[in-house]
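First up is the structure itself, then whatever we jot down about it.
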Amino acid sequence: MRALVVTAVGAESDSVLTGLTPHPDSPGPEPRTLPGGYLITRRDLPGIAFDVLVGGVGPAAAAAGTATALALAEYGLVVSAGIGGGFAPAAPVGSLVVADAIVAADLGAQTPDGFVDVASLGFGRSVHLPPVELAARAAEATGALLAPVLTVSTVTGTADGAAALAARHPMAGAEAMEGFGVAEAASAHGLPVLEVRAVSNAVGPRDRTAWRIGDALAALAEGFRVLGPVLANWGERLEQHRGRS
């Protein structure tokens, strides 16, 4: 199977590639540049090949970058990966969250009665669901929290904003800015999607002195070191199932 992993920025891509490189002395091919200027790097593991794409920040950029890559090669799985904010206490700094739902948390309308998501407005969907078995296996293997991951265009920076978001999504584990965009592009190509987030800060008041980006990037690398064989096994089982169908 061939999987596309989409990150927002180069530091996240580097961490994913570190996790997917079993022999650092022979790291593999150099990045290629796709139309639009997107950098993509390949790593091959037993039973699976990964293309790691730097897709840009935010849902629109992520959707555009993902769609570009998907138009140029055949894939069996798309993964949105990177760092993000965690909802305390369930997702502390340095931990991993695997999405059991990828939610467009601020796509909709504000009304006198509160926020109404785009699906409730009748203008599309606001949730993508990763394959249940795959998400569960990924979370178990990495020790991650299995919970909804919220996609926002503006990250939460106040206590009131965090409380409002948690009230609308009480089971949420993390927030980030790209997952729903990646999932939209994957869905357009009929592909399953997974989201993996390493927590760099707590969702709430913006305090950069409390961020632990280095710890989160290290957790992301370790997570993908474990995830490589898990995704390969899932892909093999999927192909066997399709062969019997």
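Since the model is a prediction, treat every value here as computed from it, not as a measurement.
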Taking the side chain as C-beta and beyond, is there a heavy-atom pair between [X] and [Y] under 4.5 Å?
X	Y	result
Leu53	Ile40	yes
Leu77	Leu191	no
Phe50	Val16	no
Phe224	Val79	yes
Leu72	Pro35	yes
Thr151	Met177	no

If we ignore hydrogens and angles and just use 3.5 Å, is the side chain of [X] paired with the main-chain N or O of [Y] as donor and acceptor?
X	Y	answer
Glu222	Ala219	no
Glu178	Pro59	no
Arg43	Pro29	yes
Arg197	Ile83	yes
Thr66	Val182	no
Ser187	Ala183	no

Specify the closest pair of heavy atoms between [X] and [Y], including all atoms of both residues, with the distance to one decimal.
X	Y	result
Pro131	Pro192	CG-CB, 3.6 Å
His128	Pro130	O-CD, 3.6 Å
Ala185	Leu70	O-CD1, 3.7 Å
Leu20	Leu45	O-CD2, 3.6 Å
Pro148	Asp100	N-OD1, 3.0 Å
Ala101	Val127	CB-CG1, 4.1 Å

Shared ILVMFWY cluster between [X] and [Y], side chains joined below 4.5 angstrom?
X	Y	answer
Val5	Val149	no
Val78	Tyr38	yes
Val54	Val52	no
Val193	Leu134	no
Leu227	Trp234	yes

Quick check for you: to the nearest 0.5 Å, what is the distance between [X] atom [atom1] and [Y] atom [atom2]?
X	Y	atom1	atom2	value
Thr111	Asp113	OG1	CG	4.5 Å
Leu150	Ile102	CG	CD1	11.0 Å
Leu39	Thr33	CG	OG1	5.0 Å
Arg137	Leu194	CZ	CG	13.5 Å
Phe87	Leu145	CZ	CG	11.5 Å
Thr21	Asp14	OG1	CG	10.0 Å

Notebook entry, point to check: Could you walk me through whether Val118 and Arg125 pass the side chain to side chain contact (heavy atoms under 4.5 Å, CB included) check?
Noted result: CA-CA 6 Å; Val118 71; Arg125 60 192 158 198; over 6 Å; no
Check: For residues 161-177, which residue pairs qualify under side-chain hydrogen bond (donor to acceptor under 3.5 Å, both in side chains), counting only residues two or more places apart or in two chains?
Finding: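 Listed by first then second residue: Thr156-Glu175.
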Tell me whether Glu74 at atom CD has more than 12 heavy atoms from other residues, nucleotides or ligands lying less than 6.0 Å away.
no
Residues passing the side chain to side chain contact (heavy atoms under 4.5 Å, CB included) test with Ala119, sequence neighbours excluded, are Asp117, Ser126
